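Presented below is the structure to which this report refers.
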Amino acid sequence: MLTSGSTIPALRAVDSSLALWREGYLFVTKRCNEIGADAFRTRIMMREVIFMRGPAAAEQFYRPGRFTRRAAIPRTALALLQDWGSVQTLDGEAHHHRKQMFMDMMDAAGLGRAISIFRAQWQAALRRAPTRVRLHDLAREALTYTALLWCGLPLDRADPKRRTAELAAMIEGAGSFGPGHLRARLMRLSCEAWARGMIEAIRRDELPLQDNCPAAQIALHRDLSGAELAPEVAAVELINLLRPIVAVARYVTFVGHALHVHSNAAEHLAAGAPDAEVEAFVQEVRRYYPFFPMVGGRVLQPFSWCGHSFGAGDWVLLDLYGTNHHPDAWQDAEVFDPHRFRGWQGDGYGFIPQGGGGFITGHRCPGEWLTIGLMVEAVRQLLATHYTVPEQDLRIAMNRLPALPESGFVMELPPTP
Ligand code: HEM
């Protein structure tokens with residue numbers, strides 16, 4: 001319920017769906033700048049919602065137990081992204097227990113293994129690539145092979161080409177409606193059927209797996225009652241590892257874009273640059289470029305903020321992109337400047353490209369360190385690769401969700417001997 005005594009201003013428009021669709025990543029920032037506040041009330045698809053941005057808003061949003069993710073994003077996006085039964089739809093103890101399973105995969109050994117697989121798969125994808133290739137395609141292919149191998153799934157049972165197309169379709173279709181979305185839903189069904197088959201094969205001990213590989217951890221995971229996950233839920237969680245690893249290809253494309261367009265900020269990054277310098281560059285890519293626009297929550301525990309009473313069930317959308325560009329949190333927020341991350345101590349609320357707050361007690365992305373590690377390796381690989389950048393459309397439309405340079409970042413590679 002939007003209370004009339006609220007100090008959070010309400011927009012005059014009856015419904016803001018069209019404006020959100022037209023303005024995409026910039027919708028919240030524009031409105032907040034117009035009204036001089038970090039939160040406002042409006043309607044989306046005629047449903048009342050509060051949009052918020054900025055570190056103070058994120059701190060409220062990420063208080064443990066305060067919000068659920070259930071019924072908080074459009075069903076169309078949920079079906080292609082986290083899906084029903086996944087960790088993101090859980091709350092309380094059940095969530096913490098399932099989330100711990102994901103966090104256990106992200107220890108130093110697991111991350112190191114992922115990076116060395118990616119290094120080898122990048123090289124292999126580069127050898128297979130035509131001389132003119134879109135970085136986005138190259139990275140998607142290398143990352144699909146990486147995701148399958150890291151999870152522990154044998155490539156001869158995985159049909160990597162088909163999986164690349166299916167996982168990519170889920171990512172591309174999440175922000176759309178109509179035929180593109182329907183096609184992605186069909187491809188998701190096919191991927192789920194395959195993933196269920198993999199889970200069942202692991203449980204029947206039919207796959208030659210390394211101990212404790214992520215696919216086995218999911219297949220053999222027990223919930224709080226001691227029961228295995230239903231095969232369809234385990235399949236959803238397996239896809240929740242594969243799909244976002246493939247989605248890192250977008251960030252890799254932004255890395256290529258940044259190395260080229262912000263070349264002055266990359267001058268010091270010659271091959272062999274210290275990890276801290278490469279990591280600062282990667283963090284600035286995650287801050288500056290548009291990826292996950294916002295996260296939705298429904299109030300579980302009522303609270304007050306900015307003189308507004310948030311009641312159980314109220315719908316809130318937290319602007320991730322706008323928070324990463326908030327003028328109070330970032331000096332010259334619209335300038336691409338990796339130096340701002342030199343010696344940076346971390347901030348769970350002002351820098352939230354993959355969510356904020358705690359990992360176990362909240363819904364913050366468990367794949368954040370893996371994402372950073374893969375991007376650091378991508379910077380190193382791109383710096384070591386000989387390529388030129390032909391004339392192309394490198395603009396990034398801020399109303400296309402998820403965003404990407406128009407051309408997908410085309411590179412010319414030297415012919416392989
Ligand atoms: C490609 C870059 C990525 C981006 C931009 C991203 C972004 C996000 C965001 C915004 C959330 C929701 C946070 C919230 O609800 O508060 C999330 C959750 C999640 N992400 Fe990522 N992510 C990425 C990569 C990954 C990777 C590599 C993995 C796993 C290998 C992963 C697995 C997950 C899972 C399982 C959740 C649900 C967590 C929960 O509900 O507790 N993501 N991610």
Side-chain angles (χ1 to χ4, degrees), residues 57-58 60-64 66-70 72-73 77-78 81-83 85-92 94-106 110-111 113-115 118 136 139-140 143-144 146-148 150-151 167-168 170-171 174 214-215 217-218 233 236-255 282 285-287 289-298 316-321 323-324 348-349 351-375 378 401-404:
Q60 294 297 321
F61 187 82
Y62 280 105
R63 289 266 170 95
R66 195 170 257 185
F67 282 91
T68 178
R69 300 293 183 270
R70 277 176 286 127
I73 60 167
L78 180 70
L81 296 178
Q82 294 283 331
D83 213 348
S86 71
V87 61
Q88 210 182 25
T89 62
L90 302 177
D91 294 305
H95 170 264
H96 302 174
H97 181 69
R98 182 87 63 86
K99 187 70 173 282
Q100 188 64 55
M101 173 188 78
F102 283 98
M103 297 312 295
D104 287 345
M105 299 169 188
M106 306 294 168
L111 296 177
R113 206 166 57 77
I115 307 310
F118 178 52
H136 190 223
R140 272 205 299 220
L143 284 161
T144 304
T146 304
L148 292 166
W150 181 68
C151 284
L167 295 163
M170 289 178 213
I171 300 156
Q217 287 187 52
I218 292 174
V233 172
V236 159
E237 297 296 35
L238 181 55
I239 294 175
N240 271 341
L241 286 181
L242 300 173
R243 187 201 58 255
I245 292 177
V246 175
V248 173
R250 263 195 154 64
Y251 270 148
V252 173
T253 310
F254 289 140
V255 162
V282 158
V285 169
R286 294 200 312 134
R287 185 197 72 82
Y289 283 89
F291 195 155
F292 220 99
M294 49 188 84
V295 285
R298 292 248 174 209
V316 173
L317 287 166
L318 174 70
D319 182 10
L320 302 182
Y321 177 81
T323 301
N324 294 334
Y349 302 109
F351 180 48
I352 52 172
Q354 294 177 234
F359 286 99
I360 295 290
T361 53
H363 291 277
R364 184 175 186 153
C365 175
E368 200 163 0
W369 305 321
L370 177 55
T371 303
I372 294 168
L374 292 168
M375 290 172 72
L401 300 181
L404 195 71

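Quick caveat: nothing in here was measured; it's all calculated off a predicted structure. Just so you know, ligand 1 is whichever comes first in the structure, and atom 1 is the first atom listed for that ligand.
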Using a strict cut-off of 4.0 Å, indicate which atoms of ligand 1 neighbour a heavy atom of [X].
| X | value |
| --- | --- |
| Val248 | 1 (C) |
| Gly362 | 41 (O) |
| Phe292 | 7 (C), 10 (C) |
| Leu320 | 10 (C) |
| Arg69 | 14 (C), 15 (O), 16 (O) |

For ligand 1, does [X] get within less than 4.0 Å through its side chain, its backbone, both, or neither, judged by non-hydrogen atoms?
| X | answer |
| --- | --- |
| Leu90 | neither |
| Gln88 | both |
| Thr371 | side chain |

Going by distance only, is there an N or O of [X] that falls short of 3.5 Å from an N or O of ligand 1?
| X | value |
| --- | --- |
| His95 | yes |
| Tyr251 | no |
| Tyr62 | yes |
| His363 | yes |

Inset, instruction - Apply ring pair (Phe, Tyr, Trp, His ring centres under 6.0 Å) to Phe291 and list each qualifying residue two or more places apart in sequence or on a separate chain. - result: Tyr251
Legend entry - Contacts of Tyr349 that satisfy ring pair (Phe, Tyr, Trp, His ring centres under 6.0 Å) - sequence neighbours left out: none
To the nearest 0.5 Å, what is the distance between [atom1] ([X]) and [atom2] ([Y])?
| X | Y | atom1 | atom2 | answer |
| --- | --- | --- | --- | --- |
| Met101 | Ile218 | CE | CD1 | 4.5 Å |
| Tyr62 | Thr361 | OH | OG1 | 11.0 Å |
| Ile360 | His96 | CD1 | NE2 | 8.0 Å |

Inset, instruction - Kindly identify the option in Pro244, Gly296, Pro402 whose heavy atom sits closest to atom 28 (C) of ligand 1. - result: Pro244
Inset, instruction - Could you walk me through whether Asp91 and Arg70 pass the salt bridge (charged side-chain N to carboxylate O under 4.0 Å, His left out) test, one step at a time? - result: CA-CA 9 Å; Asp91 294 305; Arg70 277 176 286 127; 2.3 Å; yes
Between [X] (side chain) and [Y] (backbone), is there a donor-acceptor pair under 3.5 Å?
| X | Y | result |
| --- | --- | --- |
| Lys99 | Arg364 | yes |
| Trp150 | Gly110 | yes |
| Glu237 | Val87 | yes |

